Number of protein chains: 2
Amino acid sequence: MNLKTLAQKLGLSPTTVSRALNGYPEVSETTRARVSAAAKAANYHPNTQAKRLATGRAMAIGHIIPISDRHEIVNPVFADFIAGAGEVYARKGYDMVLTIVPDDEEARAYGELRSKGNVDGVLIHAPRVNDHRVTMLQSLGLPYVLHGRISGIETSYSWVDVNNVRAFERATNFLLDLGHQRIALINGISDMDFARRRRRGYERALESRDIPIDAQLITEGEMTEAQGHDHARAMLALPNPPTAFLTASLLSAMGTRRAVEEAGLVMGRDVSIVTHDDELGYLKNGTAQEPIFTATRSSVREAGRRCATMLIAQIDSGNRQPISELMETVLVLGQSTGPAPSR
Amino acid sequence: MNLKTLAQKLGLSPTTVSRALNGYPEVSETTRARVSAAAKAANYHPNTQAKRLATGRAMAIGHIIPISDRHEIVNPVFADFIAGAGEVYARKGYDMVLTIVPDDEEARAYGELRSKGNVDGVLIHAPRVNDHRVTMLQSLGLPYVLHGRISGIETSYSWVDVNNVRAFERATNFLLDLGHQRIALINGISDMDFARRRRRGYERALESRDIPIDAQLITEGEMTEAQGHDHARAMLALPNPPTAFLTASLLSAMGTRRAVEEAGLVMGRDVSIVTHDDELGYLKNGTAQEPIFTATRSSVREAGRRCATMLIAQIDSGNRQPISELMETVLVLGQSTGPAPSR
DNA sequence: ATGAAAGCGCTAACAC
DNA sequence: GTGTTAGCGCTTTCAT
C-alpha cells in the first residue's frame, strides 16, 4: 500500500492525502477524518526512504561506538544511556543508528555518515581530555550533542553532563563526616574527562578540610573488578593504609571489597566503601551498616533522554548555537533502609 | 556533491558514472579508473536515501529491544552481541537500527518497521519459551534470525545458538570430577529459553552419574549480584548444604561468593563456584586453587557476527528457507595459569 | 561502451 | 480546500 493507491481508493489526490496525514491545516476536517480512517484500515505507513529523500531529512540519529578499547560498549552505563535516548527517538519518530568502528576509523565514519546522509546528527560518548571529535563535527557541520564535557577545549559546544565534581565531592564529604581521614580514590582512566572531574571533586573535599592529598591513595584504570581488587590490595599493604575507598564503578567496588576481605578486614568496621553506581545495596558503610550508594544509572538514563531531546531540538530548529545542560546526579548516601535491597 | 554534478565534471552521463562506481562490467576500465579517481577526489558518496528508494532496499538491519523488563538491554552480554553484529554490518555496508520499545508494543514495532521499509530484516534476542515473535515475523514476511532457540515451537525457523546444554553439562561434570555431590544451580529466569537448556545440561550430567536431582538446589531469577547472594545464602542454610555452585552469570557468581564468605566458609576449600562467563579469573575452584571460568562473552560476540552474516545472506539471496547454526561455547575449565588474571 | 528516459514514493511549490 | 507538477538522487530498462 502506497500513497498513490490509497489516494485512488479515496478518490483524492496524493497531495491531499499526504497533507491530511501530516496534519497540514488547509485540509478540511471531514476529509482528514476520512483519510486517516482509510489509512488505518489499510494499515498504511508512508515509505520511510521516500519520505527521507523528499524531505532531505534522514529522521535518524547516529551513535558511533569505537570498539578497539573495549571500555565503552561493554560499559553497562552505556546501555542505560542508549535506553534513555531510544525512548525519545521512538516518541519523535527517529531511528537510532549504531555504528561500530575500529578506533582509528572514527573520523572517517563521521564523514561518511555525513556525506551519505544517513543521519541528521550524532551523539558523542565518553569524551576524553582534549577530545578532537567535537571540532571535527563542527567543521563537518553535522549537528551533535556530547554526553560529557571536554576539559582542554576552548570553543563552545553542545553538551549534557552530570555534575561529577559535585557528586564526588559529596561522596568524599560523606566519608569525611564519618570520621575517615585516609580516603582512597579508585578512579577511571585518567584520559577520560569524567575521571578527571571526579578526581577534582574528591580533591576539593579534602582540601576544604585541610587534609593533604596523598598520591598513593589515588589510582586509575579500566573500571573492572580486577582493577578494584588489585589497586585496593596494593593500597591496603601501605604502611598507612586507607580506611575508606571511593570507587568510580560497581565492578571496581566489588573488587575493592574482595581485597578488603582477603586482607582479613571487616567491611563496615575496619573499612568503608562508597561508589558511584546504584545496584549497590550490599555495600555497607563504615558506621551504620547501612547501604550506601549513589544512583548513577538512573541519572545516565535521564542523560540519554536529555541528550536526544536537545539534539532533536537543534536539528528541528536548524539552530547551530551550542547549548548545554548540567545535571545533578541522583545521589543517595547512607540510605536508612533495613537490609540491603535485593532487586 | 551528487551524481549529476560529478558526471558533468567528467563529461559523462550519470548512468555511466553510476555503473562505473557500482562495478558493472559494461563500462571500460579506463573510464572506471577516471571515475573512481574523480569520486575519491571530490569525496563523493552516493546519497543513501536515494539509493534506498531506487533499489528498494533499506541496507539496514533492525534490532528491537523491549525495555520494560530490564534484563535485556542491561545485560553486558547484549553489548558483546551488538559489537559482533556491528562489525559485520560495517563491512557489508549495512546500518544497524536499534529500536527501544515498551514490552507490549513489540509486535507493533515489527509491523511498522516492515511497512515503513526502514529495515531489510531483524535480529531477535533473548527468546522466551513459547516465544511468539518468530511466527509473527514469518507471517509478516520480514527476514529474521533468532539469537537462541524456542523450545515450545513446532515450525522451523532461522537461528544461531550456543550449545547451552553441553556447556552446562560439561561444567557440571567438571565439578563432579572434583568430587562434589551437592551441586547447586543458580539459573536465569526460567521463562528464558537458554535458562531451560542450561538446566537440562546440569540435570543430564547429574543423571548420568545417578545423582538425584534436588529441587532445593536449583533456583532461578534475574542474574544479579543480589540474586546470587540471596539464593546462595538460603541454600547454605539448608541442613545438607551444597559444596559447589554453578551460576549462570558473572554477577550471580559474585553474589554467591559473598554469601559463601559471609557464611564463614572458605572459597576453594569448603565451596567451589563455576560460572558461565569469562572475566572471572578471580573465582577459584575447589581443589586446585586455579581460576575457573567458561568464556561466554567472546562466544557471544562471535554469535553476533554469525547472526548478522546469516541474516545478510538470507536477504541478499532472497532465500526464505530457515537455516540455523549451533555453536560450541568457548569453554575454559580449570585453566592452569598461575595467579588470577587481571585484565 | 555510453546515454536518454522513466521511475522509486513521497513532499512542496504553485495554481485553481 | 484540493489538484497539478516538479523534483529529491539514485538505479535501471531500453536504445544506440
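All figures in this text were calculated on a predicted structure; none of them were measured in a lab.
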Over how many whole Å does the gap from [X] atom [atom1] to [N] atom [atom2] extend?
X: Glu26(A); N: dC16(C); atom1: CD; atom2: C1'; answer: 14 Å
X: Leu53(B); N: dG7(C); atom1: CG; atom2: C1'; answer: 9 Å
X: Asp120(A); N: dC8(D); atom1: CG; atom2: C1'; answer: 15 Å
X: Arg57(B); N: dG9(C); atom1: CZ; atom2: P; answer: 16 Å
X: Gln8(A); N: dG3(D); atom1: CD; atom2: P; answer: 12 Å
X: Met1(B); N: dC10(D); atom1: CE; atom2: C1'; answer: 15 Å
X: Leu21(A); N: dA12(C); atom1: CG; atom2: C1'; answer: 16 Å
X: Leu12(B); N: dA1(C); atom1: CG; atom2: C1'; answer: 11 Å

Distance test, side-chain N/O of [X] to OP1/OP2 of [N], below 4.0 Å:
X: Thr15(A); N: dT5(D); answer: no
X: Lys51(B); N: dT11(D); answer: yes
X: Thr16(B); N: dT2(C); answer: no
X: Asn22(B); N: dT11(D); answer: yes
X: Tyr24(A); N: dA12(C); answer: yes
X: Lys4(A); N: dC10(C); answer: no
X: Ser18(A); N: dT11(C); answer: yes
X: Tyr44(B); N: dC10(D); answer: yes

Original post:
Would you say the side chains of Asp95(B) and Asn118(A) form a donor-acceptor pair under 3.5 Å?
Top reply: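 Asp95(B) vs Asn118(A): donor-acceptor pair found between side chains.
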
Subject >> Tyr89(B) and Tyr94(B) aromatic ring geometry - parallel, tilted or perpendicular at 30°/60° bounds >> reply: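 Tyr94(B) vs Tyr89(B) ring planes: tilted.
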
Return the nearest nucleotide to the side chain of [X]; candidates are [options].
X: Leu3(B); options: dT2(D), dC10(C), dT11(D); result: dT11(D)
X: Asn2(A); options: dG9(C), dG3(C), dC8(C); result: dG9(C)
X: Ala54(B); options: dT11(C), dT4(D), dG7(C); result: dG7(C)
X: Asn47(A); options: dG9(C), dT12(D), dT2(D); result: dG9(C)

Subject >> Arg149(B) with Asp193(B): basic N within carboxylate O range, under 4.0 Å >> reply: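 Here Arg149(B) does not pair with Asp193(B) in a salt bridge, since their nearest N and O are not under 4.0 Å apart.
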
Original post:
Salt-bridged, Asp120(B) to Arg52(B), with N to O below 4.0 Å?
Top reply: no

Original post:
Between the side chain of Ser158(B) and the main-chain N/O of Ile323(B), is any donor-acceptor distance below 3.5 Å?
Top reply: yes

Original post:
Got a donor-acceptor contact below 3.5 angstrom from the Thr99(B) side chain to the Ile64(B) backbone?
Top reply: no

Subject >> Base dG3(C) to side chain Arg19(B), donor-acceptor N/O within 3.5 Å cut-off >> reply: yes

Subject >> Position toward the 5' end of DNA chain C (nearest nucleotide), Gly11(B) or Ala50(B) >> reply: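 Nearer the 5' end of the strand: Gly11(B).
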
